[in-house]
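As the structure is a computational prediction, the values presented were derived from the model and not from experiment. We count residues from 1, following the sequence as given.
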Amino acid sequence: MKPKENPFGLSDDNKRYQTYNYYLRKKFGQKVFKVPLNVDLGCPNRDGTKGTGGCIFCSAKLSGDFAGNPCDDIKTQFDDIKDKMHNKWQDGLYIPYFQAGSNTYAPVETLRDMYYTALSFENVVGLSIATRGDCITEEVADLLGEISKKTYLTVELGLQSIYDKTAKLCNRCHTYAQFLDGFNMLKKRGINICVHIINGLPFETKEMMIKTAKTVGELGIHSIKIHLLHILKGTKLAQMYENNDFQAMSIDDYVDIVCEQLKVLPEEVIIQRVTGDGAKDDLIAPMWSLKKFCVMNEIDKKMARENLWQGMCVDK
Ligand code: SF4
């Protein structure tokens with residue numbers, strides 16, 4: 001492969017990949033905060049519509065461990081979380097983030113009300129909505145298309161892996177093809193799509209994880225969240241781990257795989273995350289993941305040491 005130049009050498013956060021912070025600062029000219037909300041729409045993978053029990057790794061809070069309190073209305077949640085953020089930063093712009101559960105899983109008029117309510121808050125410059133590919137219908141996609149013409153909208157689709165055998169093991173209750181159906185409905189309407197993948201799922205090899213990132217990168221996504229598999233108390237995954245059915249990832253393997261994934265992701269894809277926040281009290285393994293900044297530093301160090309950068313293995 002011919003040598004290329006590192007396009008991230010001059011980024012103001014000194015990373016070798018395009019961070020979300022960097023992108024938002026460039027786009028909006030100041031700090032932008034995502035405010036995680038929990039509207040408790042549930043999930044078809046828990047209520048029997050698609051499956052029961054949920055994904056084997058999903059926490060009791062439906063993967064929204066840092067989102068607001070679902071007993072409060074959206075405005076109260078938004079204000080509470082914003083106030084906590086202001087203890088650290090004085091002001092900024094906001095993107096309400098419907099995080100927990102599947103946030104397109106309701107009648108379209110309910111969704112319309114919920115999305116436009118969040119958009120009406122002061123200093124809001126966009127909206128982020130997390131859901132599953134199989135919770136996108138043509139009607140929902142029309143609503144999202146309408147909103148994306150008015151604001152900076154990102155729809156986050158959980159995929160985790162392109163491999164159906166992994167999805168089956170994880171009780172995702174959808175296939176990669178079904179994910180693509182929802183993905184394409186959004187894509188057709190020009191909506192920004194962020195895809196969520198997980199490294200360390202049981203029985204996946206390094207090659208499989210890299211292939212998932214590469215395949216997703218080729219879909220024309222706006223951004224990606226790369227997460228580490230957290231083994232949380234009370235999950236099916238925890239039982240499997242305690243039975244020694246699979247091993248948790250080591251930090252060295254994780255850093256190595258993320259660097260390889262960044263190399264095969266196109267340089268225009270925004271990297272929203274290179275690791276996740278596990279709920280500390282519920283985390284069983286890997287405990288090293290609690291040192292999130294250490295993990296991020298190790299990724300940066302390896303990329304600098306080996307002169308790697310996002311997109312270096314993508315043919316243009
Ligand atoms: S689809 Fe999302 S919210 Fe539903 S069980 Fe799986 S991880 Fe949890």
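Within the 4.5 Å cutoff, side-chain heavy atoms of R189 are placed close to those of D142. Looking at heavy atoms from C-beta onward, W288 lies in side-chain contact with V295 at the 4.5 angstrom threshold. Side-chain contact check for S128 versus E156: some heavy-atom pair is nearer than 4.5 Å. The shortest distance between side-chain heavy atoms of E146 and L143 falls below 4.5 Å. In this structure the side chain of K280 reaches within 4.5 angstrom of the side chain of L290, judged on heavy atoms. The closest side-chain heavy-atom distance from N45 to C55 is below 4.5 Å. T154 is not listed as a side-chain neighbour of Y97, based on a closest heavy-atom distance of 4.5 Å or more. Inter-residue side-chain proximity for M114 and F98 is flagged as met; some heavy-atom pair is nearer than 4.5 Å.
In this pair, F183 and F179 present their aromatic rings tilted. The plane angle is within the 30 to 60° band.
For the side chain to side chain donor-acceptor pair (under 3.5 Å) condition, no pair includes a residue of residues 236-245, sequence neighbours left out. Within the structure, ring pair (Phe, Tyr, Trp, His ring centres under 6.0 Å) contacts touching residues 117-145 (residues at least two apart or in different chains) are F78-F121.
When all heavy atoms of I193 and K187 are compared, the pair lying nearest together is CD1-N, 3.8 Å. The two residues A118 and L127 make their nearest non-hydrogen contact at CB-CD1, 3.9 Å. I226 and L262 make their closest contact through CD1-CD2, 4.4 Å (heavy atoms, listed as atom of the first residue, atom of the second, distance). For the pair T235 and I56, the tightest heavy-atom approach, listed with the atom from each and the gap, is CB-O, 3.2 Å. The two residues K15 and M296 have their closest heavy-atom pair at NZ-CE, 4.3 Å. In terms of heavy atoms, V269 sits closest to Q310 at O-NE2, 2.7 Å.
When each of L201, L229, L169 is tested with F246 by the rule side-chain contact (heavy atoms from CB on, under 4.5 Å), just one qualifies, namely L229. Each of V124, I74, T117 was scored for a side-chain contact (heavy atoms from CB on, under 4.5 Å) with P96, with one residue passing: V124. Results of the side-chain contact (heavy atoms from CB on, under 4.5 Å) test with T166 over R172, Q160, M208 single out M208 as the only residue that passes.
Atoms NZ and CG, from K149 and L144 in turn, are 11.0 Å apart once rounded to the nearest 0.5 Å. L232 CG to C58 SG: the interatomic distance, rounded to the nearest 0.5 Å, is 9.0 Å. In this structure, the separation between CG on L159 and CZ on R132 is 11.0 Å, given to the nearest 0.5 Å. With values rounded to the nearest 0.5 angstrom, F203 atom CZ is found 10.0 Å from Q247 atom CD. Taken to the nearest 0.5 Å, the OG1 atom of T175 stands 8.5 Å off from the CG atom of D134. One distance of note links OG1 of T205 with NZ of K211; it measures 11.5 Å at 0.5 Å rounding.
Hydrophobic cluster membership differs between I210 and Y176, with clusters built from Ile, Leu, Val, Met, Phe, Trp and Tyr side chains linked at under 4.5 angstrom. Hydrophobic cluster membership is shared by L308 and I257, with clusters built from Ile, Leu, Val, Met, Phe, Trp and Tyr side chains linked at under 4.5 angstrom. In terms of hydrophobic clustering, with Ile, Leu, Val, Met, Phe, Trp and Tyr side chains grouped at heavy-atom distances under 4.5 Å, L219 and L153 are assigned to a common cluster. No path of Ile, Leu, Val, Met, Phe, Trp and Tyr side chains, each step under 4.5 Å between heavy atoms, connects V264 with Y163, placing them in separate hydrophobic clusters.
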Could you check N307 against R16 for side chain to side chain contact (heavy atoms under 4.5 Å, CB included), going step by step and ending with a plain yes or no? CA-CA 9 Å; N307 195 24; R16 286 168 166 256; 3.0 Å; yes
Which is it for I271 and I224 under the side chain to side chain contact (heavy atoms under 4.5 Å, CB included) test, yes or no, and what are the steps along the way? CA-CA 5 Å; I271 311 298; I224 190 166; 3.7 Å; yes
Run the salt bridge (charged side-chain N to carboxylate O under 4.0 Å, His left out) test on E218 and K214 for me, step by step, so that the C-alpha distance in whole Å, both residues' side-chain angles and the decisive distance to 0.1 Å come before the verdict. CA-CA 6 Å; E218 287 166 354; K214 186 173 183 343; 2.8 Å; yes
When you look at E306 and C259, which way does the side chain to side chain contact (heavy atoms under 4.5 Å, CB included) test go after all the steps? CA-CA 10 Å; E306 299 179 17; C259 290; over 6 Å; no
Apply side chain to side chain contact (heavy atoms under 4.5 Å, CB included) to residues L228 and I198 and explain how you reach the verdict. CA-CA 5 Å; L228 163 69; I198 297 182; over 6 Å; no
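Listed by chain and number, the hydrophobic cluster partners of F28 are Y20, Y23, L24, V32, L93, I95, V125, Y152, I270, where partners are ILVMFWY side chains within reach of under 4.5 Å, directly or through others.
Judged purely by atom type and a 3.5 angstrom limit, D72 has no side-chain atom pairing as donor or acceptor with the backbone of Q77. Side-chain atoms of E138 never come within 3.5 Å of backbone atoms of M185 as a donor-acceptor pair (strictly under, hydrogens ignored). At distances below 3.5 Å, not a single donor-acceptor pair connects side-chain atoms of D282 with backbone N or O atoms of K233. No donor-acceptor pair under 3.5 Å is formed between the side chain of K50 and the backbone N or O of C43.
Surrounding NZ of K302 are more than 12 heavy atoms belonging to other residues, nucleotides or ligands, all under 6.0 Å away. Within 6.0 Å of the CD atom in Q30, the count of heavy atoms belonging to other residues, nucleotides or ligands exceeds 12. Around atom NZ of K165, no more than 12 heavy atoms belonging to other residues, nucleotides or ligands sit under 6.0 Å away. More than 12 heavy-atom neighbours from other residues, nucleotides or ligands sit within 6.0 angstrom of NZ on K292. Annotation: K291, atom NZ; neighbour count of heavy atoms from other residues, nucleotides and ligands within 6.0 Å does not exceed 12.
A cation-pi arrangement is found for K82 relative to Y94, the charged atom lying closer than 6.0 Å to the ring centre and inside a 45° cone about the ring normal.
For T49 and Y105, the side-chain atoms include at least one donor-acceptor pair closer than 3.5 Å. At a cut-off of 3.5 Å, with distance as the only test, a side-chain donor of K34 or Q272 sits close to an acceptor on the other residue.
Partners of K263 under the salt bridge (Lys or Arg N to Asp or Glu O under 4.0 Å) rule, at least two apart in sequence or in another chain, are E260. For the salt bridge (Lys or Arg N to Asp or Glu O under 4.0 Å) test, residues two or more places apart in sequence or in another chain that qualify with D79 are K75. The salt bridge (Lys or Arg N to Asp or Glu O under 4.0 Å) test applied to E109 returns R112, not counting sequence neighbours.
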